[in-house]
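Working notes for the structure below.
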Amino acid sequence: MTEPYPSPPPHPSRRGTLRAAGAGALLLGLGLTGCRSAVSASAYRAEDGGPRRGGTVTVAINSDFTPALLFSQSSQALQNRLLFNTLTRYDDALRPHPELATSWTYAKDGRSITLRLRDDVTYHDGRRFTADDVIFAVRNLQDPQRAAQLRATAAAVTGFEKRGDHELVLKLAHPVTNLFDLFEFMIIPDRRTVDQAVTGRTLNGTGPFRLKKWSPGAGLSLTRNDRYFKPGRPYLDVVELRVIPQAEALISSLRSGQSQLSYQVPGKSIRTVRDNPDLVVTTYDTGAGASYLGVNTTIPPFDDKTVRQALAWAVDRERILEQSLGGYGLASAAPWPKSSPAYTEANRTHYTHDPARARRLLKSAGHSRLTAPLLHLDSPESTAIAEAVQYDLRQVGVHVTLQPTDPATGQKKLISQGMPALWTMDHGFAQIHPATLAVSAYPFNEAKNTSKYRSRHYTKVVREAWTAAGASTARQHALAQRVSDVLLDEAFLIDLVVQGSVQVASAELHGATLNKFFYLDLDDAYLV
């Protein structure tokens with residue numbers, strides 16, 4: 001099922017205020033969107049008498065909060081929406097709904113947007129939220145030190161006009177098709193303590209929970225924010241994010257009731273929990289990011305796209321899906337999940353497993369045997385994928401040596417373009433507006449990507465897709481396809497599998513959701 005593009009920005013001939021209905025609606029996010037919707041908390045009221053106040057939920061996570069990456073999209077972003085709010089929230093069809101912004105109006109030429117903001121919001125320390133906080137949040141993401149993937153979109157905001165404390169005009173360098181991706185991604189931090197936030201000392205937000213304690217290596221302890229602007233929310237008193245790096249121990253904590261929620265049970269381990277009557281396993285078809293093989297295009301012979309295409313034909317994606325991910329996901333040569341408006345079956349199957357073809361391409365490029373390092377994250381699932389890639393490449397004469405690394409180091413190398421010839425990791429950003437992938441995600445960024453790939457043609461097609469605000473749906477699909485064409489032909493990043501998103505929760509927990517950037521939302525969550 002292919003979802004429509006976001007409704008904003010509207011066609012320049014349509015000017016008006018866009019008011020989203022249902023500000024309290026539970027929206028679904030990265031891995032929890034698309035053709036199937038999770039059940040909102042209100043749906044449980046007929047069954048169990050309604051949400052109940054109180055209780056502690058422990059969320060099992062496999063890696064610790066990394067303060068330095070607070071403003072970057074990473075696997076450590078789960079806690080962001082518990083502590084902070086964003087301006088808007090997407091629904092399944094990528095339509096924005098209010099959060100800290102109550103409504104918005106585009107200028108006729110698409111070069112500015114007026115935001116009306118809530119006037120009843122305070123930070124955890126009691127300070128009132130105002131338009132100055134939104135201005136700071138945008139400028140904060142424009143700061144290269146924050147290493148924010150949506151920096152390019154934030155940088156398209158070139159000016160601000162305050163109209164009191166709760167109305168703000170953002171002036172844009174050009175029409176921006178993915179502006180609401182920025183609003184979904186951009187947490188609104190306290191401008192006075194942001195330097196303490198990126199060290200983990202203070203996390204002063206407007207969100208439903210307050211930071212009680214961060215224990216490096218062990219996790220975060222959060223308590224209910226009694227000042228939260230949503231009446232009666234949150235229902236829970238305490239949320240613990242507990243670091244359990246070993247998959248077996250994480251699963252054991254869920255089965256024993258020590259943890260009530262996790263999104264990080266490996267796909268191949270789902271069978272160990274899905275028949276447990278005390279646990280509810282929910283899967284969704286939009287994916288939780290994608291696993292890929294990255295290529296450093298400045299290191300010979302990988303500067304030759306024929307060699308890169310050979311690698312793309314060499315990998316058995318279906319086997320990786322079954323053996324490494326337990327069948328939860330979608331074998332795909334393109335980054336897009338099925339819920340993306342950029343998804344096509346032709347893109348998904350552009351490269352299939354054809355080792356003979358891979359060997360012919362290598363021979364045509366003058367190679368019969370190659371050697372290279374292959375960096376990967378030191379986790380069971382990532383290691384399994386790297387080992388599968390290693391095996392497949394060996395069959396066509398490419399011998400790679402595995403280089404395991406920890407997630408924080410891997411993320412730093414990704415950002416700094418410090419990767420070796422080959423690496424395997426996961427990427428996000430394919431679940432939102434297609435332009436965002438190529439202007440924001442480190443592996444794909446047309447201006448500066450981890451593969452160090454640059455092309456005037458790539459820049460041209462990405463910029464056209466990014467600035468085509470008001471274009472028809474057919475035109476936007478065509479522009480997205482041009483981006484896909486470059487990605488598939490140049491193969492500087494070789495997608496393998498769109499990972500399946502799996503939520504494992506205690507049967508006693510209801511109402512947990514994620515936003516599009518894998519921020520956990522427990523506003524309406526409760527225990528029975």
Side-chain angles (χ1 to χ4, degrees), residues 22-33 37-45 48 50-61 65 75-86 88-91 97 99-100 121 124 184 187-188 203-214 219-243 253-254 257-265 279-280 282 284 288 501-528:
L26 289 178
L27 308 178
L28 307 177
L30 173 56
L32 296 183
T33 56
S37 298
V39 183
S40 70
S42 61
Y44 294 100
R45 292 175 182 169
D48 56 38
R52 302 172 188 175
R53 168 72 187 276
T56 296
V57 165
T58 298
V59 184
I61 56 178
F65 166 59
S75 59
Q76 291 82 33
L78 191 67
Q79 75 289 321
N80 281 11
R81 180 51 180 71
L82 302 178
L83 294 157
F84 304 93
N85 290 103
T86 57
T88 58
R89 290 290 303 272
Y90 277 135
D91 65 14
H97 290 245
E99 189 158 304
L100 291 182
V121 178
H124 296 156
E184 176 104 348
I187 58 174
I188 311 296
L203 295 172
N204 185 31
T206 62
F209 296 92
R210 305 164 56 104
L211 176 66
K212 179 179 180 182
K213 184 180 182 182
W214 172 45
L220 293 163
S221 179
L222 312 178
T223 60
R224 186 180 194 274
N225 173 21
D226 291 325
R227 290 193 174 102
Y228 197 44
F229 62 87
K230 293 185 180 181
R233 306 296 196 276
Y235 297 116
L236 299 172
D237 288 336
V238 176
V239 177
E240 302 280 352
L241 290 97
R242 181 184 173 201
V243 179
S253 75
L254 289 164
Q258 294 177 337
S259 301
Q260 290 76 44
L261 179 65
S262 184
Y263 297 94
Q264 294 168 329
V265 176
L279 298 173
V280 177
T282 307
Y284 301 84
S501 180
V502 183
Q503 173 184 292
V504 181
S506 165
E508 297 179 346
L509 176 65
H510 300 301
T513 66
L514 301 169
N515 88 339
K516 285 287 186 180
F517 291 99
F518 210 71
Y519 300 166
L520 177 59
D521 184 344
L522 295 178
D523 280 22
D524 296 300
Y526 64 98
L527 293 164
V528 296

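Judged purely by atom type and a 3.5 angstrom limit, Ser262 uses its side chain to pair as donor or acceptor with the backbone of Ala60. No donor-acceptor pair under 3.5 Å is formed between the side chain of Gln79 and the backbone N or O of Leu220. Judged by distance alone, with hydrogens and angles left aside, the side-chain atoms of Glu99 form a donor-acceptor pair with the main-chain N or O of Thr86 at under 3.5 Å. Between the side chain of Asn515 and the backbone N or O of Glu184 there is at least one donor-acceptor pair closer than 3.5 Å.
Partners of Ser506 under the side-chain hydrogen bond (donor to acceptor under 3.5 Å, both in side chains) rule, at least two apart in sequence or in another chain, do not exist in this structure. Remark: Asn225 pairs with no residue by the side-chain hydrogen bond (donor to acceptor under 3.5 Å, both in side chains) rule, at least two apart or across chains. For Val243, the side chain to side chain contact (heavy atoms under 4.5 Å, CB included) partners are Ile61, Asp64, Pro245, not counting sequence neighbours. In terms of the salt bridge (Lys or Arg N to Asp or Glu O under 4.0 Å) criterion, Arg227 has no residue partners (sequence neighbours excluded). In this view, Ser221 and Glu240 satisfy the side-chain hydrogen bond (donor to acceptor under 3.5 Å, both in side chains) rule, not counting sequence neighbours. Every residue meeting the side-chain hydrogen bond (donor to acceptor under 3.5 Å, both in side chains) condition with Arg224, not counting sequence neighbours, appears here in chain and number order: Asp226. Partners of Phe229 by ring pair (Phe, Tyr, Trp, His ring centres under 6.0 Å), not counting sequence neighbours: none found.
Annotation for Leu261 and Gln503: closest pair CD1-CG, 3.9 Å, computed over non-hydrogen atoms. Residues Ala77 and Phe517 share a closest heavy-atom pair of CB-O, 4.4 Å. Residue Pro208 comes nearest to Tyr228 through the heavy atom pair N-CE1, 3.5 Å, listed as atom of the first residue, atom of the second, then distance. The two residues Leu509 and Val57 make their nearest non-hydrogen contact at CD1-CG2, 3.8 Å. Residues His124 and Leu83 approach most closely at CE1-O, 3.4 Å, considering heavy atoms.
Rounding to the nearest 0.5 angstrom, the gap separating the CG atom in Leu279 from the OG atom in Ser259 is 10.5 Å. The CG atom of Leu254 sits 10.5 Å away from the CD atom of Gln264 when rounded to the nearest 0.5 Å. Between atom CG of residue Leu522 and atom OG1 of residue Thr513 there is a gap of 7.5 Å, rounded to the nearest 0.5 Å. Remark: Asn80 CG to Asn85 CG distance equals 11.5 Å, nearest 0.5 Å. Between atom OH of residue Tyr519 and atom CG of residue Leu514 there is a gap of 12.0 Å, rounded to the nearest 0.5 Å.
Screening Thr206, Ile188, Ile187 for a side chain to side chain contact (heavy atoms under 4.5 Å, CB included) with Phe84, the sole residue that qualifies is Ile187.
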Problem set entry | Arg233/Asp524 under side-chain contact (heavy atoms from CB on, under 4.5 Å): CA gap, chis, key distance, verdict | CA-CA 7 Å; Arg233 306 296 196 276; Asp524 296 300; 2.4 Å; yes
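Side-chain contact between Tyr263 and Leu78 is present, with heavy atoms from C-beta onward closer than 4.5 Å. Residues Leu203 and Phe65 are in side-chain contact: their nearest non-hydrogen atoms beyond the backbone lie under 4.5 Å apart. The side-chain heavy atoms of Val502 and Val265, taken from C-beta on, include no pair separated by under 4.5 Å. Using a 4.5 Å heavy-atom threshold, the side chains of Leu222 and Leu241 count as touching.
Between Arg81 and Asp523 there is a salt bridge, since at least one side-chain N of the basic residue sits less than 4.0 Å from a carboxylate O of the acidic one.
Ring geometry for Tyr526 versus His510: interplanar angle of 30 to 60°, hence tilted.
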